[in-house]
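This report refers to the structure that appears directly beneath it.
The basis for the numbers below is simple: all heavy atoms, side chains too, and nothing from hydrogens, waters or symmetry mates.
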Amino acid sequence: MYDVIVIGAGHAGIEAGVACARMGCSTLLLTLNAKTVGLMSCNPAIGGVGKGQLVKEIDALGGQMGLAADACGIQFRILNASKGAAVQSSRAQIDMYRYNRFMIELVKNTPNLETREGEVNKLIVEGKKVTGVLTQKSEELRAKAVVVATGTFLDGLIHIGLKNFSGGRLNEPAAHGLGSNLRELGFNALRFKTGTCPRLDKNTIDFSKLIIQNGDEPPKPFSFSTKRLTQKQVPCYITYTNKKTHEIIRKNLSRSPLYAGVIKATGVRYCPSIEEKSVKFADKERHQIFLEPQGLDTNEIYPNGISTSLPEDVQSELIHSIEGLENAEVIRFGYGIEHTVVEPTQLYPTLETKLINNLYLAGQINGTTGYEEAAAQGLIAGINAALRVQSKEPLILDRSTSYTGVLIDDLTTKGTNEPYRMFTSRVEYRLILREDNADLRLRRIGYNLGLVSKTEFRETEEKIGSISKGIAFLKNTRLKPTNEINSRLISLGTPLINRNLTLEELLKRPQIKLTDLKNLGRIRLDLPESALSQIEIEVKYSGFIQRQLKDVERFKNLEKIKLPENLDYASINGLSREVREKLSSFKPLNLGQASRISGVTPAAISLLMVYLRKFNES
């Protein structure tokens with residue numbers, strides 16, 4: 001008998017299992033192969049636009065992905081560094097083999113966490129509650145809560161050209177029984193498709209023809225607990241497809257499972273295969289390819305940008321048409337994979353299913369794509385499974401708290417008809433939900449859950465104090481209009497001053513940075529670098545931040561209006577049949593969530609507000 005069983009040991013399963021165990025629950029992590037815990041199935045990278053924010057939030061809450069990325073990263077970059085702080089995102093190339101070993105050691109050395117090999121064929125459900133799992137070997141394993149994090153393994157079907165075969169990942173079996181069982185239990189299932197690139201031998205690539213891309217110096221870590229990165233950093237390289245590449249692809253489209261109609265599932269819009277790029281963007285003469293090392297001790301290179309399920313001979317031909325890859329040897333060919341997804345609108349924001357109590361779903365089974373989206377869901381599912389076992393209030397992160405909250409709210413209220421990927425553009429409050437302040441937003445939650453240590457939490461509290469101290473200093477320190485000061489201001493390309501100004505007013509000018517004020521000899525603050533960068537952002541964007549905080553306040557007002565779980569929407573006069581059906585099916589927890597369900601109109605929300613007022617008065 002376990003408190004929690006986690007099915008799957010990918011990025012979602014690891015976060016779920018470790019969180020449950022660290023919160024004091026006896027936890028079983030079930031995987032098909034204990035050697036592939038945390039294996040990176042696709043590109044050897046963590047983070048990216050919108051995804052970096054998720055990793056920072058996972059870390060702030062006490063999760064593992066950021067620490068693992070810091071331990072195994074071999075190139076770190078800040079994307080959108082030339083743009084505003086709201087859209088800057090961290091990304092790291094990862095030694096995927098070191099990452100795999102790191103995660104194996106992590107789960108092995110986590111108290112309360114047991115790892116076992118086995119395939120789950122069936123969930124044991126009594127009444128409307130899950131009470132355990134039945135394995136392929138007819139083992140009956142009991143638990144108070146179950147987290148399903150099966151990735152692409154649920155009914156996985158691999159495609160290479162017009163050949164297809166069962167598999168959850170190349171050379172690994174798919175899991176079939178559980179998919180059928182979920183459908184039998186009443187869950188609506190979808191089929192999504194993702195894919196991966198071929199892997200190339202580094203020793204057969206002509207790097208002299210390629211554009212080098214180095215990482216940032218010094219590299220900036222993901223985790224708020226990592227003080228500095230010491231491991232070796234390596235470059236990536238850039239090349240491009242060309243007209244010849246596109247001709248090879250187009251003349252072989254009849255052999256593509258995607259265009260021959262063999263693949264029926266919906267693919268990833270934001271990470272299309274090279275076949276799709278060649279067809280959908282036929283006017284483009286070239287597409288960028290990033291050659292990414294898969295580790296320090298391997299010759300494998302991942303050509304990010306040519307994901308494909310074309311036949312092997314066509315893959316070889318198109319690769320050899322690309323500059324620098326004329327003689328490249330393929331270590332492993334790319335492939336497409338279809339897998340089963342459970343429609344995520346069947347979940348509460350806790351990631352517990354609406355059909356079966358104490359059953360939580362996380363990761364690609366909910367229709368997402370990407371390691372980061374999976375890990376964020378795994379952490380929240382694991383936390384809520386542990387809280388349920390301990391009879392405590394659940395954790396729900398709303399859209400105003402985090403990218404994680406946006407991710408889960410999008411899935412559970414809007415659903416998705418294609419693999420979901422996180423972007424900064426999906427987040428309406430992104431100016432206050434930056435990756436640099438994830439610790440300020442979420443560290444206390446992680447600490448209260450027991451996932452963040454007292455030392456880590458104290459550091460965050462000290463950082464908050466330093467920021468307040470620094471902003472107060474800028475507000476209260478005035479600068480006089482002397483010839484020396486005005487001369488320096490002119491050299492910075494900003495207007496001179498003719499009256500006393502506070503340092504805060506000066507820092508609001510776009511031409512002036514905090515370091516410029518320090519160079520004026522006016523700042524004598526002994527504060528950590530992380531606090532200084534926060535101070536600059538808070539001051540420069542203060543007007544926009546205040547407006548966004550007012551928007552959040554209005555948002556919170558709707559979120560506060562709870563909807564009874566057993567509310568009979570059919571009895572509310574004025575609601576259309578469509579709205580009644582959707583509200584009855586979705587079972588929103590509050591008026592804010594109801595307002596985001598597709599088809600629920602502002603007029604319907606007004607009617608609900610009137611009804612609830614009368615209901616509460618009676």
Output the distance between atom [atom1] ([X]) and atom [atom2] ([Y]), rounded to the nearest 0.5 Å.
X	Y	atom1	atom2	value
Gln53	Asn437	CD	CG	10.0 Å
Leu39	Met103	CG	CE	11.5 Å
Glu140	Arg142	CD	CZ	4.0 Å
Leu563	Leu589	CG	CG	8.0 Å
Lys550	Arg547	NZ	CZ	9.0 Å

Using a strict threshold of under 4.0 Å (side-chain N to carboxylate O), is an ion pair present between [Y] and [X]?
X	Y	answer
Glu461	Lys463	no
Glu428	Arg399	yes
Arg116	Glu139	yes
Asp439	Lys56	no
Asp410	Lys414	yes
Arg434	Glu538	yes

Legend entry - Ser400 side chain to Asp398 side chain, donor-acceptor N/O pair below 3.5 angstrom: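 There is such a pair (donor and acceptor under 3.5 Å, judged by atom type) between the side chains of Ser400 and Asp398.
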Inset, instruction - Validate the cation-pi geometry between Arg426 and Tyr403: distance from NZ or CZ to the six-membered ring centre under 6.0 Å, angle to the ring axis within 45°. - result: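 Not satisfied by the 6.0 Å and 45° rule.
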Inset, instruction - Determine the sole option in Leu123, Leu141, Asn358, Thr131 for which the side chain to side chain contact (heavy atoms under 4.5 Å, CB included) test with Val146 is passed. - result: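 Exactly one candidate clears the test, Leu123.
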Legend entry - Pairwise ring-ring contact (aromatic ring centres under 6.0 Å, His included) hits with a residue in residues 571-597, at least two apart: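 Qualifying pairs: none.
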Inset, instruction - Sequence neighbours left out, what pairs pass ring-ring contact (aromatic ring centres under 6.0 Å, His included) with at least one residue falling in residues 363-393? - result: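 Qualifying pairs, neighbours excluded: His11-Tyr371.
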Legend entry - Ser90 vs Glu435, side-chain hydrogen bond (donor to acceptor under 3.5 Å, both in side chains): CA-CA, chis, key distance, verdict: CA-CA 8 Å; Ser90 296; Glu435 70 165 41; 2.6 Å; yes
Legend entry - Those residues that, when tested against Pro564, pass side-chain contact (heavy atoms from CB on, under 4.5 Å) (two or more places apart):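 Checked Pro564 against side-chain contact (heavy atoms from CB on, under 4.5 Å); matches are Asn566, Leu567, Leu612, Phe615.
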Legend entry - For Ser576, all residues meeting side-chain contact (heavy atoms from CB on, under 4.5 Å), sequence neighbours excluded: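 With sequence neighbours excluded, Ser576 shows a side-chain contact (heavy atoms from CB on, under 4.5 Å) to Glu578, Val579, given in chain and number order.
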Inset, instruction - Mind running salt bridge (charged side-chain N to carboxylate O under 4.0 Å, His left out) on Glu338 and Lys264 for me, showing each step along the way? - result: CA-CA 8 Å; Glu338 294 181 82; Lys264 307 291 185 186; over 6 Å; no
Inset, instruction - Using side chain to side chain donor-acceptor pair (under 3.5 Å) as the criterion, list what pairs up with Ser453, not counting sequence neighbours. - result: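 With sequence neighbours excluded, Ser453 shows a side chain to side chain donor-acceptor pair (under 3.5 Å) to Glu456, given in chain and number order.
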Inset, instruction - Sequence neighbours left out, what passes ring pair (Phe, Tyr, Trp, His ring centres under 6.0 Å) with Phe555? Give chain and number order. - result: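 Once residues adjacent in sequence are excluded, the partners of Phe555 under the ring pair (Phe, Tyr, Trp, His ring centres under 6.0 Å) criterion are Tyr429.
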